[in-house]
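In what follows, every chain begins at residue 1, and chains take the letters A, B, ... in the order their sequences are listed.
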Amino acid sequence: MQMTISELDGGVRSVHLAGRLDIAGVGAVETRFTIAVANFGGPVIVDLGAVDFLASMGIRMLVASAKAAKGRGGRVVLCRPQPAVAQSLRDTGIDSILPIADDEAAAAALLRG
Amino acid sequence: MSAADAPRTSEGGGSSLAFEVDASFAAIDDANARIERFLGDSGVGATALYRVRLVVEELLTNVAKYAYDAQPGAVAVSVAAIPGGIRVVLSDAGRPFDPTTAPPPAIATSLDDAEIGGLGLLMVRKSTSSLTYSRTDGRNVVEAIVAA
């Protein structure tokens, strides 16, 4: 499980995750992810394009960080989920509480809008 | 691959895999790797493989969290390709727990309402065509069928 952060125009942060967001993957990145997303306090794109597996522990991490970010005035948009990952986000109703964008430009537009 | 988890041919002519792992988070990856090696040779499609991984991940997570009250314990795993799908059976000797009757979490309508956690069994139900439970000889036995 890998995580990289890049800063985009307009104060938007992009957090790119790669690998399996299962119990082992969450264990590997949760602390850094929480700091990068929840403590940031600004708009964040979580790029799931390279996440090839999403378990409930991964969903828990995404929701908990988005919730904490909101408490600090930040906002989170999920971006580029692979089809099976997108299916799990729909199955669990996450798509109705967190915006999901098809690409980074659309995600940034959602955050600036 | 050890001899203990070598695929074998069952009486029905289909192949199956059976092994036992610790009921711990650390064992989940190992279990899924064994299952993937086994199913990888059987022509199962990517969607079904994904669902099997998800079902095993979530059910083993539950067993590791709750079955043995954080004491060491074991869980038996068996996987078989059956007509139309893949059958996964997990069995543990921990406290009785029926995942088929556990109430599903309320689907949140806003981030503020979202409860953190409790989605694993919902994902298992969505990923399986059949999910059955029995308490047999002091063991929880959960059978999940993933459509091929």
Side-chain angles (χ1 to χ4, degrees), chain A residues 1 19-28 30 33-34 37-38 43-44 46 48 51-78 81-100 110-111, chain B residues 21-33 35-36 44-66 75 99 102 104-129 131 146-147:
Chain A
M1 192 72 215
R20 282 201 296 265
L21 214 40
D22 53 12
I23 203 158
V26 168
E30 187 164 30
F33 184 81
T34 302
V37 176
V44 181
V46 178
L48 299 174
V51 170
D52 42 30
F53 181 79
L54 178 64
S56 63
M57 291 292 280
I59 292 179
R60 190 187 59 79
M61 181 184 88
L62 296 174
V63 172
S65 288
K67 208 169 171 173
K70 192 181 173 194
R72 291 170 172 256
R75 273 186 302 155
V76 173
V77 172
L78 306 180
Q82 294 180 19
V85 169
Q87 182 66 52
S88 284
L89 293 171
R90 285 193 297 273
D91 284 347
T92 52
I94 301 305
D95 60 337
S96 65
I97 60 170
L98 283 178
I100 301 172
L110 280 174
L111 287 167
Chain B
V21 291
D22 291 339
S24 70
F25 293 153
I28 295 175
D29 250 4
D30 177 44
N32 261 321
I35 291 167
E36 207 152 86
V44 173
T47 301
L49 276 180
Y50 188 100
R51 288 178 177 157
V52 168
R53 176 176 277 274
L54 187 57
V55 165
V56 170
E57 169 90 14
E58 299 299 345
L59 291 176
L60 284 183
T61 296
N62 262 13
V63 172
K65 274 185 182 170
Y66 305 119
V75 52
I107 295 290
T109 53
S110 79
L111 193 53
D112 299 320
D113 298 340
E115 288 182 33
I116 294 174
L119 296 171
L121 287 178
L122 176 62
M123 295 168 87
V124 169
R125 285 174 199 165
K126 296 277 189 182
S127 301
T128 50
S129 56
L131 185 67
V146 172

Visitor: Please tell me if the side chains of B/Met123 and A/Asp91 come closer than 4.5 Å, counting only heavy atoms from C-beta onward.
Guide: no
Visitor: Find out whether B/Leu119 and A/Arg60 are in side-chain contact, i.e. whether some heavy atom of one side chain is under 4.5 Å from a heavy atom of the other.
Guide: no
Visitor: Relative to chain A, which segment of B/Leu122 carries a heavy atom at a distance below 4.5 Å: side chain, backbone, both, or neither?
Guide: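 The answer is the side chain of B/Leu122.
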Visitor: Between A/Ile23 and chain B, which part of the residue has a heavy atom less than 4.5 Å away: side chain, backbone, both or neither?
Guide: both
Visitor: Could you give the distance from CZ (A/Arg75) to CG (A/Leu110), rounded to the nearest 0.5 Å?
Guide: 8.5 Å
Visitor: Let me know if B/Ile28 has heavy atoms under 4.5 Å from chain A in its side chain, its backbone, both or neither.
Guide: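 Side chain only.
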Visitor: For A/Arg90, which residues count as a side chain to side chain donor-acceptor pair (under 3.5 Å) partner, sequence neighbours excluded?
Guide: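 Counting only residues at least two positions away or on another chain, A/Arg90 forms a side chain to side chain donor-acceptor pair (under 3.5 Å) with A/Gln87.
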Visitor: Tell me, for A/Ile94 versus chain B, whether the close heavy atoms (under 4.5 Å) come from the side chain, the backbone, both or neither.
Guide: side chain
Visitor: Kindly write out the residues that satisfy side-chain contact (heavy atoms from CB on, under 4.5 Å) with B/Asp29, not counting sequence neighbours, or none if the list is empty.
Guide: A/Arg20, A/Asp22, A/Ala24, B/Arg53
Visitor: Residue by residue, scan residues 55-64 of chain B and write down, ordered by number, those that have a heavy-atom distance under 4.5 Å to chain A; if none do, write 'none'.
Guide: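 Hits under 4.5 Å: B/Glu57, B/Glu58, B/Thr61.
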Visitor: Which residues pass the side chain to side chain donor-acceptor pair (under 3.5 Å) test with B/Lys126, sequence neighbours left out?
Guide: none
Visitor: Heavy-atom distance under 4.5 Å between the side chains of B/Lys65 and B/Phe25, does that happen here?
Guide: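 Yes. Closest side-chain heavy atoms under 4.5 Å.
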Visitor: For the CG atom of A/Asp95 and the CD1 atom of A/Ile100, what is their distance to the nearest 0.5 Å?
Guide: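 The CG atom of A/Asp95 sits 5.0 Å away from the CD1 atom of A/Ile100.
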Visitor: Counting heavy-atom pairs under 4.5 Å with chain B, which one of A/Ala84, A/Ala66, A/Ser88, A/Ser96 comes out on top?
Guide: A/Ala84
Visitor: State, yes or no, whether a side-chain contact exists between A/Val26 and A/Phe33 at a heavy-atom distance under 4.5 Å.
Guide: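 Side-chain contact under 4.5 Å: no.
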Visitor: Counting C-beta onward and ignoring hydrogens, is there a side-chain heavy-atom pair between B/Tyr50 and B/Val146 closer than 4.5 Å?
Guide: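 No, too far: nothing below the 4.5 Å cut-off.
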Visitor: What part of B/Asn32 is in contact with chain A, defined as an atom under 4.5 angstrom from a non-hydrogen atom: side chain, backbone, both or neither?
Guide: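 Answer is neither: B/Asn32 stays 4.5 Å or more from chain A.
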Visitor: Given the options B/Leu121, B/Leu54, B/Asp113, which has more heavy-atom pairs under 4.5 Å with chain A than any of the others?
Guide: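 Sorted descending by pairs with chain A, the first entry is B/Leu54.
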Visitor: Under a 4.5 Å heavy-atom cutoff, which of A/Val76, A/Thr92, A/Ile59 has the most pairs with chain B?
Guide: A/Thr92
